[in-house]
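Notes for the one structure printed next.
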There are 2 protein chains.
Amino acid sequence: MLDFTYNIPTKIHFGKDALDFVGEEVKKFSDKVLITYGGGSIKKNGVYDKVIKELKDSGVEIFELSGIEPNPRIDSVREGIKIIKENNIGAILAVGGGSTIDASKFMAAGACADFDPWEFISKGKPMSPAIPLLSVLTMAATGSEMDNGGVITNPETKEKLSSGHEDTRPKVSFLNPEITYSVSKFQTACGSSDILSHIFESYFNVDDSMFMLDRIMESLMKTVIKYGPIAMKDPKNYEARANLMWASSWAINDFIANSAKAAWTVHPIEHELSAFYDITHGLGLAILTPRWMEYVLSEKTVHKFYDLGVNVFDIDKNLDKMEVAKKAIEKTKEFFFDTLGLDSNLRKINIDDEYFDKMSKKACGKNGKINGFVELKPEDVKKIYQMCLED
Amino acid sequence: MLDFTYNIPTKIHFGKDALDFVGEEVKKFSDKVLITYGGGSIKKNGVYDKVIKELKDSGVEIFELSGIEPNPRIDSVREGIKIIKENNIGAILAVGGGSTIDASKFMAAGACADFDPWEFISKGKPMSPAIPLLSVLTMAATGSEMDNGGVITNPETKEKLSSGHEDTRPKVSFLNPEITYSVSKFQTACGSSDILSHIFESYFNVDDSMFMLDRIMESLMKTVIKYGPIAMKDPKNYEARANLMWASSWAINDFIANSAKAAWTVHPIEHELSAFYDITHGLGLAILTPRWMEYVLSEKTVHKFYDLGVNVFDIDKNLDKMEVAKKAIEKTKEFFFDTLGLDSNLRKINIDDEYFDKMSKKACGKNGKINGFVELKPEDVKKIYQMCLED
């Protein structure tokens, strides 16, 4: 077990009245705020009007940047930074899902920097200092509302990469499950897939000594498996939306990852898919995850899949370990492709093997390998991509 | 489901090197610190020397208050406040278990007050503002290292009561599981009982809509049930001590209690036992808890005991619900009295029914009842005390 530092100071207002606190919380940090958002759905569901009202009532001057893309691009970040610098703005309020919040993290740090924000990625410059970031969450998925990192895309170089710093972790986030009532069936499925994948990334680790965290991760998985389908069938089910929303934050805010040793695996492999084809992250994760599981399952790793099978999918603990493991992977597939109804292979979303070589190398980064639960080299990653071509 | 605000900014340094950070963290808050501790065990196990060295290396001026009692008394608080005020000290570093940290919370607030600290209790004065509190934890039990409250005893009035405020939540806590290697078998048992009881207080609640938190609570319970006995048999088992230590913080830091509606029940009933007889809190809780369970079990509450039985004690889910519930209570008894080896009734620790009437009334406080999972009046509490007289 490794030593760790636990430091998650994000304050969360959770519940039906969460947005009532927007004005007073923003005001604590600045009299001028940049609100960032995406395609305008927040104007349809009343969230925009509510946020504006609360900010105005608190006497906060408002600037806006709309049009932040899913798989957000570095150009949006540059635009945000420009507005912040020109107007001497002291805080950002991201109103959206992971894309908007992620992009806003790069703006928060870029506002304090005298170089192009892509250098946070290309040159690994630290995302610190940063102006305070707050967020109103509109979709349960990425957990960006309570974690310190973000993912950003550069369409010119076909790169989708992540960075982050304690200074870019949101200071306050506002989580009203009702806001997610209007999230579509497909996006609810993709969000559930994303949350589950975050938990898997921490769960499939080389350290088994934090029993407490392993059991908590299973609890979070069970939450997603129970409520993802309920939220899809019954979009206004508060209990389902609330459980998914709170699970999304805890799946990735670093609590469950404490003391873990291995790097994330499936996410970097998926980021290449999204970077090359601009697909929804959660969908890419759903297609990749079971194939990755099949690829890394061995006598050495079987115990972890056995735990997954017995503790999450309620498979008979007395069966042979390898049999339980294989059933657990089948159950995972069933959840992604039958229960959530997501496309089950890459051909279904018009992706073939054209870029597999390039993507595999990029996924392994500068070190030429992913030091995850099982170490993967480009040839391994390519095989996993290939497994994703057929059911 | 109720709305809630999640706000747990305590930073935790966890692991074998946790105390290396004591100096730099204290220094961030003040150049002068009051270190508080109990009976001197920290001088035997090297913790005292390590803390002093780290503080001196960082150039922090040190003041000391030792001799803080188990079930700490208001007189110790007064003494601490005097030292802080006389020397203009800007922070407290509590080095100990729950008693030392709890007492230090009252000192932290009392240092900013111009009235006697017992008025935080007797007049309900808010424990805010407060000077910053940090803690080095030496025992896994009360969770005071990450929560905002404390319990204090007034021997003159035979009162043991709690208060707290966000301002008294530790800013930073240092958790090295190795420090707890020297915790005795009995205190390890009592600590395990205390942690488990904290989880029960949140688990047995009237709100079942936060499935995610219910499952996480069961994960924490399983952690205590697994590692309590291991730590007793093998005191230097790092994995056991680490899991117990981290579970102790999460059992009561407010995370699992979010959105819960009911007041705690067994704790106020136990506090009367400790106040009248100065027994170890965890022992009192162990004796009381199963009797309270038996007393409140009914058709209306059976579902929660059923969950406990199936999800924590692995009882066959196909059995009759009430049968599972009763078996779950039996298993709880077995854990406290057989596995942890704690005394199973009050007579064994020389307590009879002399003060039951007084204690029952006091436990119900000014409202004359405990608004818990099941509402209890003094006559109910008295019956529970009486049930504790025999096995």
Side-chain angles (χ1 to χ4, degrees), chain A residues 1-18 20-21 146 166 171-177 207-224 226-227 230 238-240 242-251 255-256 258-259 311 314 317, chain B residues 1-18 20-21 146 166 171-177 207-224 226-227 230 238-240 242-251 255-256 258-259 311 314 317:
Chain A
M1 193 184 301
L2 290 178
D3 289 8
F4 61 85
T5 299
Y6 172 93
N7 192 20
I8 310 180
T10 304
K11 181 177 178 181
I12 304 284
H13 290 284
F14 192 103
K16 294 177 182 179
D17 298 328
D20 292 354
F21 302 92
M146 207 176 177
E166 271 316 305
K171 306 294 181 208
V172 187
S173 288
F174 308 88
L175 276 58
N176 178 354
D207 180 11
D208 288 316
S209 58
M210 224 22 160
F211 174 94
M212 166 185 142
L213 294 179
D214 281 337
R215 301 295 84 76
I216 286 178
M217 287 187 246
E218 289 157 0
S219 299
L220 292 170
M221 291 180 209
K222 282 188 269 195
T223 303
V224 180
K226 178 181 168 81
Y227 289 109
I230 295 175
Y238 187 83
E239 182 176 320
N243 274 277
L244 284 175
M245 199 169 218
W246 205 206
S248 85
S249 305
W250 287 87
F255 171 51
I256 60 171
N258 275 335
S259 191
N311 297 333
D314 212 15
K317 65 183 172 190
Chain B
M1 193 184 301
L2 290 179
D3 289 8
F4 62 85
T5 299
Y6 171 93
N7 193 20
I8 310 180
T10 304
K11 182 177 178 182
I12 304 284
H13 290 283
F14 193 102
K16 294 178 181 177
D17 297 327
D20 291 354
F21 301 92
M146 206 176 176
E166 271 316 305
K171 306 294 181 207
V172 188
S173 288
F174 308 88
L175 275 59
N176 177 355
D207 180 11
D208 287 316
S209 58
M210 225 20 162
F211 174 94
M212 166 186 143
L213 294 179
D214 280 338
R215 301 294 84 77
I216 286 178
M217 287 187 246
E218 289 158 359
S219 300
L220 292 171
M221 291 181 209
K222 282 188 269 196
T223 303
V224 180
K226 177 180 169 83
Y227 288 109
I230 294 175
Y238 187 83
E239 182 176 319
N243 274 279
L244 285 175
M245 199 168 218
W246 205 206
S248 85
S249 304
W250 287 88
F255 171 52
I256 61 170
N258 275 334
S259 190
N311 297 333
D314 212 14
K317 65 183 172 189

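Computation of the quantities below employed the complete heavy-atom set of this structure, encompassing side-chain atoms and omitting hydrogens, waters and symmetry-equivalent molecules.
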For this session: Mind running side chain to side chain contact (heavy atoms under 4.5 Å, CB included) on B:Asp314 and A:Lys317 for me, showing each step along the way?
Result: CA-CA 12 Å; B:Asp314 212 14; A:Lys317 65 183 172 190; 2.9 Å; yes
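- Atom CE of A:Met212 is separated from atom NZ of B:Lys222 by 13.5 Å, given to the nearest 0.5 angstrom.
- Proximity to chain B is absent for every atom of A:Ser173, based on heavy atoms less than 4.5 angstrom apart.
- Residue B:Ile8 holds its CD1 atom at 11.5 Å from OG1 of A:Thr10, rounded to the nearest 0.5 Å.
- Note that CD1 of B:Ile12 and CZ of A:Phe255 are 10.5 Å apart. Values are rounded to the nearest 0.5 Å.
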For this session: Apply side chain to side chain contact (heavy atoms under 4.5 Å, CB included) to B:Met217 and A:Ile216, showing your working.
Result: CA-CA 8 Å; B:Met217 287 187 246; A:Ile216 286 178; over 6 Å; no
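- Chain B forms more heavy-atom pairs under 4.5 Å with one residue of A:Asn243, A:Asn7, A:Asp17, A:Thr5 than with any other, namely A:Asn243.
- Of the atoms belonging to A:Tyr227, it is side-chain heavy atoms, and not backbone ones, that fall under 4.5 Å from chain B.
- The part of B:Met146 that comes within reach of chain A is its side chain, from C-beta onward, which places non-hydrogen atoms under 4.5 angstrom from that chain.
- Between B:Trp250 and A:Tyr6, the ring planes are perpendicular. Angles over 60° get that label, and only those under 30° would be called parallel.
- The aromatic ring centres of A:Trp246 and B:Phe4 sit less than 6.0 Å apart.
- Of all heavy-atom pairs between B:Ser219 and A:Arg215, the closest is OG-O, 3.0 Å.
- The distance from the NE2 atom of B:His13 to the CG atom of A:Asp3 is 11.0 Å, given to the nearest 0.5 Å.
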